[in-house]
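Written below as structure tokens is the structure these notes are about.
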Amino acid sequence: MTSTTPPNGALLEAKDLTLWRGERCLFRQLSFGLAPGQLLHIRGSNGCGKTSLLRVLCGLTLPEDGDVMWRGTKVINSRADFHAELSYVGHRESLKAELTAEENLVHDLGLRAGLGRQAVREALSKVRLQKAMDIPCRSLSAGQRRRVSLARCIASGARLWILDEPYTNLDIAGRELVDTVMTEQLERDGMVLLVAHQDHGVRHPAINTLEMD
């Protein structure tokens with residue numbers, strides 16, 4: 001993969017995206033960019049197309065018009081390269097119920113990034129699951145499973161995090177933890193694309209908001 005940066009500094013670019021759901025247009029000619037060290041907070045009412053937009057950005061749904069670019073190349077033409085630098089947390093955690101938190105991450109990230117158990121354990125400790133990493137995920141609470149997904153982002157070392165409602169099922173301490181790890185991602189020149197109904201607590205100069213209706 002050739003590492004390039006577009007002239008405007010944005011590694012992720014949405015260019016004139018248009019998406020329809022049946023006879024309804026969710027968004028039309030939507031454009032934005034995300035550069036290293038930036039967070040984009042996407043807000044909007046239920047059903048306005050936020051999750052659909054994330055699927056388009058990830059290359060999982062094709063728009064009727066427009067392009068998603070990563071490092072100046074269309075994502076549709078280089079999905080493997082793009083996904084290697086992406087970590088996505090959706091509404092549902094993609095965890096195998098019979099495996100422990102540690103086993104889930106070792107299986108997932110070991111295949112993808114070649115990470116060993118030590119890196120996984122450090123990430124689980126970062127989200128305060130060091131005492132629960134050996135428990136099958138079926139026995140974890142919804143908030144703990146959400147923390148496992150967050151640990152996957154941390155351990156992956158991905159340049160871009162796409163987080164869809166990451167505060168779901170978390171208590172106050174858990175929400176503060178999400179804010180902390182997002183801040184740390186930005187401070188190491190990573191990028192965060194956040195969908196969340198509530199305000200976040202990230203304190204960083206490079207934060208933008210996209211309102212969808």
Side-chain angles (χ1 to χ4, degrees), residues 1-14 32-42 54 57-59 68-73 75 78-90 93-94 101-102 104-106 108-130 133 146-167 170 173-196 198-210:
M1 179 185 68
T2 300
S3 180
T4 59
T5 303
N8 63 5
L11 296 187
L12 178 68
E13 297 177 281
F32 58 84
L34 192 63
Q38 290 185 338
L39 181 149
L40 177 62
H41 183 191
I42 300 175
L54 296 191
L57 295 175
C58 290
V68 179
M69 314 288 290
W70 176 252
R71 296 185 180 274
T73 301
V75 165
S78 58
R79 287 183 183 175
D81 290 339
F82 177 50
H83 290 166
E85 297 193 80
L86 165 69
S87 189
Y88 175 76
V89 174
E93 295 81 13
S94 300
E102 180 181 340
N104 264 283
L105 269 60
V106 167
D108 183 15
L109 297 173
L111 291 176
R112 170 178 155 176
L115 293 181
R117 290 186 179 273
Q118 184 58 36
V120 166
R121 288 170 180 166
E122 290 175 359
L124 289 169
S125 295
K126 182 77 175 177
V127 298
R128 302 167 195 165
L129 283 179
Q130 58 268 37
M133 63 178 67
R146 177 59 63 169
R147 289 180 186 236
V148 175
S149 294
L150 189 60
R152 182 191 288 125
C153 281
I154 296 169
S156 72
R159 192 71 185 275
L160 171 64
W161 292 2
I162 294 183
L163 310 179
D164 192 358
E165 300 292 351
Y167 301 108
L170 293 178
R175 293 194 293 270
E176 290 176 349
L177 177 62
V178 172
D179 291 334
T180 296
V181 298
M182 286 195 296
T183 301
E184 292 173 350
Q185 169 74 347
L186 300 178
E187 289 175 345
R188 55 178 171 260
D189 251 3
M191 294 165 284
V192 178
L193 200 156
L194 168 69
V195 166
Q198 64 265 65
D199 291 335
H200 59 79
V202 176
R203 298 292 178 260
H204 192 273
I207 294 176
N208 296 308
T209 302
L210 171 65

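The shown structure was predicted, so the numbers you read here are calculated from the model rather than taken from an experiment.
Looking only at distances, a side-chain donor or acceptor of Arg79 sits under 3.5 Å from a matching main-chain atom of Gly59. Not a single donor-acceptor pair under 3.5 Å links the side chain of His200 to the backbone N or O of Arg175. A donor-acceptor pair under 3.5 Å is formed between the side chain of Arg152 and the backbone N or O of Ser94.
The shortest side-chain heavy-atom distance between Phe32 and Leu57 falls under the 4.5 Å cut-off. Side-chain contact between Val195 and Glu165: present, with at least one pair of heavy atoms (C-beta onward) separated by less than 4.5 Å. Two residues are said to be in side-chain contact when any heavy atoms from C-beta on lie closer than 4.5 Å; Leu39 and His204 fail this criterion. Contact annotation: the side chain of Asp179 never approaches that of Arg203 to less than 4.5 Å [non-hydrogen atoms, C-beta and beyond]. Proximity of Tyr88 to Asp164: side-chain heavy atoms (C-beta onward) are separated by under 4.5 Å at one or more points. Gln130 is not listed as a side-chain neighbour of Arg121, based on a closest heavy-atom distance of 4.5 Å or more. Side-chain contact between His41 and Val192: absent, with no pair of heavy atoms (C-beta onward) separated by less than 4.5 Å. A 4.5 Å side-chain heavy-atom check between Leu186 and Trp161 finds every atom pair outside the cut-off.
For the atom pair CG (Leu163) and CD (Gln185), the distance works out to 8.5 Å, reported to the nearest 0.5 Å. Taking CD1 of Ile207 as the reference point, atom OG1 of Thr183 lies at 7.0 Å (rounded to 0.5 Å). Between the CZ atom of Arg146 and the CG atom of Leu150 there is a distance of 9.0 Å, given to the nearest 0.5 Å. Between the CE atom of Met182 and the CG atom of Leu194 there is a distance of 5.0 Å, given to the nearest 0.5 Å. Rounded to the nearest 0.5 angstrom, Asn104 CG and Leu124 CG are separated by 10.0 Å. Note that the CG atom of Leu160 and the SG atom of Cys58 stand 8.0 Å from one another [nearest 0.5 Å].
A pairwise comparison of heavy atoms in Ala123 and Ala155 identifies CB-CB, 3.7 Å as the closest pair. The shortest non-hydrogen separation linking Ala206 to Gly37 is CB-O, 3.4 Å. In terms of heavy atoms, Val127 sits closest to Ala151 at CG2-CB, 3.9 Å.
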* Asked: Between Asp189 and Arg159, is a side-chain contact (heavy atoms from CB on, under 4.5 Å) present by the stated rule, with each step listed?
  -> CA-CA 8 Å; Asp189 251 3; Arg159 192 71 185 275; 4.2 Å; yes
* **From CA spacing to verdict: side-chain contact (heavy atoms from CB on, under 4.5 Å), Val181, Cys153** => CA-CA 9 Å; Val181 298; Cys153 281; over 6 Å; no
* To do: List the steps, then state whether side-chain contact (heavy atoms from CB on, under 4.5 Å) holds for Val68 with Leu12.
  => CA-CA 7 Å; Val68 179; Leu12 178 68; 3.9 Å; yes
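Residue Trp70 forms a side chain to side chain donor-acceptor pair (under 3.5 Å) with just one option from Glu85, Glu13, His83, and that option is Glu85.
In this structure, the side chain to side chain contact (heavy atoms under 4.5 Å, CB included) partners of Gln118, at least two apart in sequence or on a different chain, are Glu122.
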